[in-house]
Amino acid sequence: MNEFFYEASPMRVHFGSGSRAKLADEVGELGLSKALILATDYQVPLAREISKILGPRSVGVWAGAKMHVPIESASAAGQAAVDAGADCCVVVGGGSTVGLGKAVALKYGTPIIALPTTYAGSEMTPVWGLTADGVKTTGRDRKVLPVSVIYDPELTVSLPVPLSIASAFNAIAHAVEALYAPDRSPVISLMAEDGVRSLLEALPRIVEDSTDITHRSAALYGSWLCGATLGATTMSLHHKLCHVLGGTFNLPHAETHTVVLPYVLAYNTPCAPEAVEALRRATSAANPAECLRELSQELGAPASLRELGLGSDDIDTAVAQATRSPYANPRPFGADDIRAILVDALDGAPVRG
Ligand code: NAD
């Protein structure tokens, strides 16, 4: 056993079908009484249902969450929380809505209670992001970590199948990079392996029947585990590349993760034997990288970065951005290595190795 450091996140987690019914009691148990509910415009009906569940503990719904947390929506939501006298925010939605709650928490220290409706995993991390003048700034701060998360698989049944697949691969990417992270630890590796297994087992069944709550539960359980691994470790080349592709070329977040992951995993495979062994167990495949690529294709996910809007002319810029500052990765890399990964991902080639 190698030396390791592990710090558990100080949060409460409720899991279960229909568990959103516990929300009002949970808010009360946390000593809170005035919750502003945050959501996207699209999820207003759900936000209203949550407001009803909260009853007198709801001070209203603010439904302007947007991708990448524009500073304008963060300021407006923060002001709404102040005006309503809120002592906490209940965020109901995916990573964009959780991100909005984090922006409010960052400025006002307002605790967050999260009800995730995608598999992105942001509710498990102290990482915040804010976009101003087209530039996204990110950071880590313990005060943006939700104090409580209620995982209710019923809230994910409406997630469209293509988004479910992409979101699940986004979660799997967290676990893959946690397995070879410089600050990995045995308990996090267990969570990562089981998270990947659970998501991969659930996905084909969700494609067959997206309303089956058993499989939705398995996927949400996997996403919890994968999100927890994201919150506990330092991400590497894959997350850096996806950050560059999303930030610079506005490529869709979860789909970009889905396309890029097999290529980065294939690149890192020779230098991450324990991670690959864990992924072999989780995928039941000798070559986890190719398995992830083939499975995503079978499930109907986008196959190439070109489909997502990247062009051959963009590769040079992406390589330059991805090599601008140093960051962790199990296998050393240079500009040529990143170019090879991106060229393969651009057209959805089979993985190397
Ligand atoms: P999202 O939150 O942007 O949601 C995408 C769309 O799906 C929205 O219109 C939303 O209303 C809708 N939606 C969400 N759940 C639904 C459901 N159950 N049924 C129907 N529609 C639903 O997407 P996402 O992939 O969850 O989040 C992406 C964002 O999260 C990115 O900006 C990313 O950077 C961020 N993120 C942050 C972290 C972190 O640790 N800070 C981690 C992962 C992702």
Side-chain angles (χ1 to χ4, degrees), residues 9 11 20 37-47 49-50 61 63-70 73-74 91-103 105-106 112 114-131 136-146 149 151-175 177-178 206 210-211 213 216 219-220 223-224 226-235 238-248 250-258 301:
S9 285
M11 63 162 51
R20 64 190 179 285
I37 297 142
L38 303 181
T40 61
D41 189 29
Y42 183 73
Q43 290 183 295
V44 166
L46 175 60
E49 186 202 323
I50 296 299
V61 170
K66 292 193 170 57
M67 191 78 141
H68 303 310
V69 196
S73 52
V91 298
V92 55
S96 298
T97 307
V98 177
L100 178 65
K102 287 177 168 182
L106 189 67
I112 300 170
L115 288 89
T117 64
T118 71
Y119 307 134
S122 177
E123 68 283 351
M124 281 289 132
T125 86
V127 179
W128 56 266
L130 265 176
T131 304
K136 186 167 180 179
T137 309
T138 59
R140 291 178 91 92
D141 194 315
R142 291 285 287 266
K143 71 170 175 267
V144 309
L145 190 73
V149 181
Y151 284 105
D152 184 343
E154 288 176 11
L155 302 184
T156 63
V157 166
S158 57
L159 191 64
V161 166
L163 198 47
S164 300
I165 296 164
S167 194
F169 275 88
N170 184 191
I172 290 168
H174 307 330
E177 294 227 289
I206 288 173
S210 64
T211 63
I213 205 69
R216 285 292 190 181
L220 193 61
S223 106
W224 167 49
C226 292
T229 72
L230 171 70
T233 58
T234 305
M235 296 289 108
H238 169 78
H239 279 72
K240 176 67 183 181
L241 278 184
C242 291
H243 186 81
V244 165
L245 293 169
T248 310
N250 210 20
L251 263 51
H253 180 82
E255 290 82 354
T256 303
H257 274 271
T258 310

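Read the numbers this way: they start at 1 and go in the same order the structure lists the ligands and their atoms.
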- Starting from atom 28 (C) of ligand 1, which protein heavy atom do you reach first, and at what distance in Å? H253 CD2, 3.9 Å
- Item | Of the listed options L163, V92, T40, closest to atom 6 (C) of ligand 1 (non-hydrogen atoms) | L163
- Query: Has ligand 1 got any nitrogen or oxygen that is less than 3.5 angstrom from a nitrogen or oxygen of P160?
  - Reply: no
- Which residue owns the protein heavy atom closest to atom 15 (N) of ligand 1, what's the atom, and how far is it? T117 OG1, 2.7 Å
- Message: When you measure from the heavy atoms of M235 to every atom of ligand 1, does any distance fall below 4.0 Å?
- Response: no
- Item | H239 side chain reached by L230 side chain, heavy atoms, under 4.5 Å | yes
- Note on the structure: Quick look: Q43 vs ligand 1, heavy-atom contacts under 4.0 Å, and the answer is side chain
- Item | Atoms in ligand 1 flagged as close to L155, the criterion being non-hydrogen separation under 4.0 Å | 18 (N)
- Item | Protein heavy atom at shortest distance from atom 25 (O) of ligand 1 | A120 CB, 4.1 Å
- Message: Measuring only between side-chain heavy atoms, which start at C-beta, is L155 closer than 4.5 Å to L46?
- Response: yes
- Looking only at protein heavy atoms, what sits closest to atom 41 (N) of ligand 1 is V127 O, 3.0 Å
- Task: Taking atom types as modelled, find out whether Q43 and T97 have a side-chain donor-acceptor pair closer than 3.5 angstrom.
- Result: no
- Note on the structure: The closest protein heavy-atom partner of atom 19 (N) of ligand 1 is S158 OG, 2.7 Å
- Contact check: T97 vs ligand 1, nitrogen or oxygen atoms, below 3.5 angstrom: no
- Query: What do the steps show when you test K66 against T131 for side-chain hydrogen bond (donor to acceptor under 3.5 Å, both in side chains), and what is the final call?
  - Reply: CA-CA 10 Å; K66 292 193 170 57; T131 304; over 6 Å; no
- For ligand 1, is there an N or O atom under 3.5 Å from any N or O atom of Y42? no
- Message: Regarding ligand 1, does T156 bring an N or O atom to under 3.5 Å of one of the ligand's N or O atoms?
- Response: no
- Item | Residue pair V92 / R20, side-chain heavy-atom distance below 4.5 Å | no
- Min heavy-atom dist K102 to ligand 1 below 4.0 Å: yes
- Message: Within ligand 1, which atoms have a heavy atom of L230 less than 4.0 Å away?
- Response: 40 (O), 42 (C)
- closest protein heavy atom to atom 1 (P) of ligand 1 is S96 OG, 3.4 Å
- Message: Checking a contact table here: which protein heavy atom is nearest atom 40 (O) of ligand 1, and how many Å away?
- Response: T125 OG1, 2.6 Å
- Message: Would you say NZ of K143 has more than 12 non-hydrogen atoms from neighbouring residues, nucleotides or ligands within 6.0 angstrom?
- Response: yes
- Sub-4.5 Å side-chain heavy-atom contact between R216 and L159: yes
- Would you confirm whether S167, through its side chain, and S164, through its main-chain N or O, come within 3.5 Å as a donor-acceptor pair? no
- Query: K102 side chain to T125 main-chain N or O, any donor-acceptor pair under 3.5 Å?
  - Reply: yes
- Query: Would you say atom 4 (O) of ligand 1 touches the protein, meaning some protein heavy atom is under 4.0 Å from it?
  - Reply: no
- Message: Just to confirm my output: which protein heavy-atom neighbour is closest to atom 24 (P) of ligand 1, and how far is it?
- Response: G95 N, 3.5 Å
- Item | Atoms in ligand 1 with a heavy atom of G94 nearer than 4.0 Å | 2 (O), 26 (O)
- Determine the interplanar angle of the W224 and Y151 rings, folded into 0 to 90°, and report it as parallel if under 30°, tilted if 30 to 60°, perpendicular if over 60°. tilted
- Task: Please work out which of V144, T118, T138 has its closest non-hydrogen atom nearest to atom 26 (O) of ligand 1.
- Result: T118
- Given the side-chain rings of H253 and H257, with only the six-membered ring counted for Trp, is the space between their centroids under 6.0 Å? yes
- Shortest non-hydrogen pair, G64 vs S73, comes out as O-CB, 3.6 Å
- Query: Got V69 and W128 here, is their nearest side-chain heavy-atom distance under 4.5 Å?
  - Reply: no
- Proximal candidate to atom 34 (O) of ligand 1 [heavy atom criterion; set H68, M67, K136]: K136
